[in-house]
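Presented below is the structure to which this report refers.
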There are 2 protein chains.
Amino acid sequence: MTGDRRKFRREGEERRREALITAALELIAEGGPAAATVRAIAERAGVTPGLIRHYFQSKDDLTRAAYRALMQRMNTDNAAVLESAPPDPVSRLAAFVAAALRPPVVDPGRMGLWAGFMHQVRKTPEMAAIHAETYLGYRDLLEGLIAALPLPIDAAERRRRAIACNGVIDGLWLEGSALPAAFAPGELERIGLDAVGAILGLRLPSPQLSET
Amino acid sequence: MTGDRRKFRREGEERRREALITAALELIAEGGPAAATVRAIAERAGVTPGLIRHYFQSKDDLTRAAYRALMQRMNTDNAAVLESAPPDPVSRLAAFVAAALRPPVVDPGRMGLWAGFMHQVRKTPEMAAIHAETYLGYRDLLEGLIAALPLPIDAAERRRRAIACNGVIDGLWLEGSALPAAFAPGELERIGLDAVGAILGLRLPSPQLSET
DNA sequence: GCCTCAATTATACACTTGCATAATTGCAGA
DNA sequence: TCTGCAATTATGCAAGTGTATAATTGAGGC
């Protein structure tokens, strides 16, 4: 008579893992790491808490998987910007910089996510490795774009400039995400393009938005 | 006969509050917000958990007080750098930039602290106000240093350059703190000085360390 | 239709958390 | 020395945490 047991559908392993990871990321973005409890994650994923332990060895395991997924998505997004960019080096660099300084990259939720993971990144070696790899990958991408420009600088100097450009981008991204009301729409983009241009000794035009 | 009740000393209110705040900040810096439990904070402050509620209305109240104290300390540190700087505008700016890009400002613990508070800053209006005030204060300080330079730019352009310079500083600070092994000693300072110089169109010499 | 087994749910447990409240005690002033 | 009060400790509690384990059930193969 007690037919009150919850109905469910069986899903493929990949879909379930992804749903759980997405739920965890959303919760951390919204309410910080503390909000991403096993029960909250399960509820958002439309599932029962016990199932998490069927797909992940522990909550930490899920957390690591979520961080890895987040970083992969960000890498993919960055690469996608270059796919649909004009062929000339200056336009490509400008597109890359501008994309990082407007929504959806500039976004309080994404920054909350980033900050939420920061602590674990500092302490868990595996997550530290993921972070280092992602950061250096982004910087190498940027350095590659700079190398395609006709600049009379050697490799060491190019590395330093790439670090500096990466710094401006990160810093402006951070400030725009943490304090959205402090900047007019498009303002960060313009400031970032000018600053990167100044560091590299050239002018970066504001790229027109690509219509996909 | 049961003399096993803990001995204690009465302290002034100010000292106890400060000790509790310091303990909370240390714990957050070391182990993230999750490590700063009421019990852990009390233990580090050499006190019993119940006392926290005697000096603070709730744990959130203590957290807010800790954030306020942290921001005040950082403001004080920044101002102190300028106290002992050479009088000429270029040197002052260089000292300000360089100080932000070396220890103890560049430091994994400090960044962990910053990241740990980020989430609450986003959601608690009072903490958001503190954050905005501190950030804008820092930027205004920087803009003031720039205004003292002989540059042919108007106020709007000066504001944009200040935002950009602030961005480089923040971004490099972040990267140096998150990935200390990726940079040689002094490298961040040099990169930051060059970048700020490029943005402003001048050369910033590396300031000699002031011996207090 | 039935069987089988993995996917899923249900339940329980030990532990931690923030908080409330009562019991002590250090210490300043008479 | 004694007294009174606020600073401090001790104890307990309800809620929430991650996890282990047993009981169900959806769905594909025969």
Side-chain angles (χ1 to χ4, degrees), chain A residues 1-24 27-28 30-67 116 119-120 123-124, chain B residues 1-25 27-28 30-67 116-117 119-120 123-124:
Chain A
M1 275 324 144
T2 60
D4 54 351
R5 196 182 177 93
R6 175 177 179 151
K7 301 296 180 205
F8 62 91
R9 280 190 13 187
R10 295 183 160 214
E11 285 279 5
E13 166 164 354
E14 215 46 47
R15 292 178 62 86
R16 273 281 137 87
R17 290 180 73 94
E18 211 169 313
L20 289 169
I21 286 174
T22 301
L27 285 166
I28 296 178
E30 292 168 14
T37 69
V38 170
R39 287 167 177 82
I41 294 171
E43 183 182 10
R44 173 149 320 197
V47 140
T48 275
L51 195 62
I52 288 183
R53 294 264 331 201
H54 188 261
Y55 285 110
F56 299 92
Q57 279 201 326
S58 67
K59 195 206 168 187
D60 271 10
D61 189 27
L62 166 54
T63 303
R64 281 191 291 274
Y67 185 63
H119 159 251
Q120 296 221 23
K123 302 194 51 166
T124 312
Chain B
M1 277 322 145
T2 60
D4 55 350
R5 194 181 178 93
R6 176 176 177 154
K7 301 299 179 203
F8 61 92
R9 279 192 10 186
R10 293 183 161 214
E11 284 279 8
E13 167 164 354
E14 214 45 46
R15 291 178 64 87
R16 272 281 135 86
R17 290 179 75 94
E18 211 169 312
L20 289 169
I21 286 175
T22 300
L25 290 177
L27 285 165
I28 296 177
E30 292 169 14
T37 68
V38 170
R39 286 167 176 82
I41 294 171
E43 183 183 10
R44 174 150 319 198
V47 142
T48 276
L51 195 62
I52 288 184
R53 292 266 329 197
H54 188 259
Y55 285 110
F56 299 93
Q57 279 202 327
S58 67
K59 194 204 168 186
D60 271 10
D61 188 28
L62 166 56
T63 304
R64 280 191 293 274
Y67 185 62
F117 278 116
H119 158 251
Q120 297 221 23
K123 305 196 49 169
T124 310

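The basis for the numbers below is simple: all heavy atoms, side chains too, and nothing from hydrogens, waters or symmetry mates. Please read these numbers as outputs of a predicted model, since none were measured by experiment.
- Atom CZ in B:Arg16 sits 11.5 Å away from atom CD1 in B:Ile52 (nearest 0.5 Å).
- For the pair A:Arg16 CZ and C:dA7 P, the interatomic distance rounds to 11 Å; values are reported in whole Å.
- For A:Glu43 and C:dT9, the CD to C1' distance is 15 Å, given to the nearest whole Å.
- Although no hydrogens or angles enter the test, the distance criterion places a donor-acceptor pair under 3.5 Å between the side chain of A:Ser58 and the main chain of A:Asp61.
- In this structure, the NZ atom of B:Lys59 is 8 Å from the P atom of C:dC19, given to the nearest Å.
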Let me check something: any side-chain donor-acceptor pairs from residues 31-45 of chain B under 3.5 Å, sequence neighbours excluded? List them with distances.
| unit_1 | atom_1 | unit_2 | atom_2 | d |
| --- | --- | --- | --- | --- |
| B:Thr37 | OG1 | B:Ala40 | N | 3.0 |
| B:Arg44 | NH1 | B:Glu26 | OE1 | 2.9 |
| B:Arg44 | NH1 | B:Glu30 | OE2 | 2.9 |
| B:Arg44 | NH2 | B:Glu30 | OE1 | 3.1 |

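- Rounded to an integer number of Å, the gap from B:Glu11 CD to D:dT8 P is 7 Å.
- Between the OH atom of B:Tyr55 and the CD1 atom of B:Ile21 there is a distance of 12.5 Å, given to the nearest 0.5 Å.
- Going from atom CZ of B:Arg17 over to atom P of D:dA6 covers 18 Å, rounded to whole Å.
- Under 4.0 angstrom from either OP1 or OP2 of D:dT21 there lies no side-chain N or O belonging to A:Arg53.
- Looking at which nucleotide of DNA chain C each of B:Asp60 and B:Arg9 is closest to, the 5′-most match is held by B:Asp60.
- Atom CD1 in A:Ile52 sits about 9 Å away from atom P in D:dT19, given to the nearest Å.
- Between A:Val47 and A:Arg6 the shortest heavy-atom distance is N-NH2, 3.6 Å.
- For C:dT8, one of the phosphate oxygens OP1 or OP2 lies less than 4.0 angstrom from a side-chain nitrogen or oxygen of A:Tyr55.
- Atom CZ of A:Phe8 is separated from atom P of D:dG26 by 5 Å (rounded to the nearest Å).
- Atom OG1 of B:Thr22 and atom CG of B:Leu27 lie 11.0 Å apart (nearest 0.5 Å).
- Annotation for A:Glu11: atom CD counts as buried by contact number, over 12 foreign heavy atoms lying within 6.0 Å.
- The CD atom of A:Glu14 sits 19 Å away from the P atom of C:dA6 (whole-angstrom rounding).
- The base of C:dA6 lies close enough to the side chain of A:Arg10 for a donor and an acceptor atom to sit less than 3.5 Å apart.
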- Task: Do nucleotides 10-15 of chain C as a string where each nucleotide becomes B, S or -: B if the base has a protein heavy atom under 4.0 Å, S if just the sugar-phosphate does, - if no protein is that close.
- Result: S-----
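- Between B:His54 and D:dT8 there is no side-chain polar atom (N or O) within less than 4.0 angstrom of OP1 or OP2.
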